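For reference, the structure is listed below as structure tokens.
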Amino acid sequence: ALKEALEVSVQFPSLSTHLYESPYEAQLWGLFDANKRVVTYGDFYPSKQKLPPGDYEVRLQVRHDKVDLLKRLRHMPCQLHITLPTPVKLSFHWTKSAALLAAPKPKPC
């Protein structure tokens, strides 16, 4: 569930790396809200969509003649790329040695 409006894109990395060489004939995913209405949909190419707060579900349709090959995809991971509303500030050390010696950290980026 999203607690605030965010920009999200959906991707299935296992399928997205093979556009023309894929053993599967087609892929189409849909993003649905809590009322099962289509919010957005896509295929191979990810696109960003601004979503209001709420519950969402992603469904993927893949086409192939052999059912056993489709069953292999049941537990395939889905990637959600979420644009954060504010950047995360990180601090770092320039080298591993500096981190081990707890040298003063540079200012966050």
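The shown structure was predicted, so the numbers you read here are calculated from the model rather than taken from an experiment. Positions are given from 1, in the same order as the sequence printed here. Side-chain atoms are counted along with the backbone in the values below, which use heavy atoms only and exclude waters and symmetry mates.
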Please report the shortest heavy-atom distance between P13 and P77, naming the atom on each side.
CD-O, 3.9 Å

Quick one: pull up OG1 in T95 and CG in L100 and give me the separation to the nearest 0.5 Å.
8.0 Å

Minimum side-chain heavy-atom gap D33-D55 below 4.5 Å:
no

Should R63 and L28 be marked as a side-chain contact (heavy atoms from CB on, under 4.5 Å) after you check the CA-CA gap, both sets of side-chain angles, and the distance that decides it?
CA-CA 9 Å; R63 193 173 81 194; L28 178 70; over 6 Å; no

Contact check, side chains of W29 and T40, non-hydrogen atoms, under 4.5 Å:
yes

For the residue pair L31 and L51, establish whether any side-chain heavy-atom pair is separated by less than 4.5 Å.
yes

Measure the CZ-NE2 distance between R72 and H64 for me, rounded to the nearest 0.5 Å.
9.5 Å

Could you tell me the separation between the CG atom of L80 and the CG atom of L6, rounded to the nearest 0.5 Å?
11.0 Å

So K3 and P53, do their side chains get closer than 4.5 Å, heavy atoms only?
no

Measuring from S47:OG to H81:NE2, what's the distance to the nearest 0.5 Å?
11.5 Å

Checking V58 against F12 for the side-chain contact (heavy atoms from CB on, under 4.5 Å) test, could you report, in this order, the C-alpha distance in whole Å, the side-chain angles of both residues, the deciding distance, and whether it holds?
CA-CA 11 Å; V58 176; F12 291 87; 3.9 Å; yes

Using modelled atom types and a 3.5 Å cut-off, is there a donor and acceptor pairing between side-chain atoms of N35 and backbone atoms of R37?
no

Minimal heavy-atom distance between Q27 and D43, with the atoms involved, is O-CB, 3.5 Å

Atom CZ of F44 and atom CD of Q11: how far apart are they, to the nearest 0.5 Å?
8.0 Å

I need the Q61 CD to Y24 OH distance, nearest 0.5 Å.
15.5 Å

So if you build clusters from Ile, Leu, Val, Met, Phe, Trp, Tyr with side-chain heavy-atom gaps below 4.5 Å, do Y41 and V8 land together?
no

Surrounding CZ of F32 (heavy atoms of other residues, nucleotides or ligands, distance under 6.0 Å), is the total greater than 12?
yes

Is there a side-chain contact between D65 and E25, using heavy atoms and a 4.5 Å cut-off?
yes

Please determine whether residues V10 and V38 belong to a single hydrophobic cluster, defined as Ile, Leu, Val, Met, Phe, Trp and Tyr linked transitively by side-chain heavy-atom distances below 4.5 Å.
no

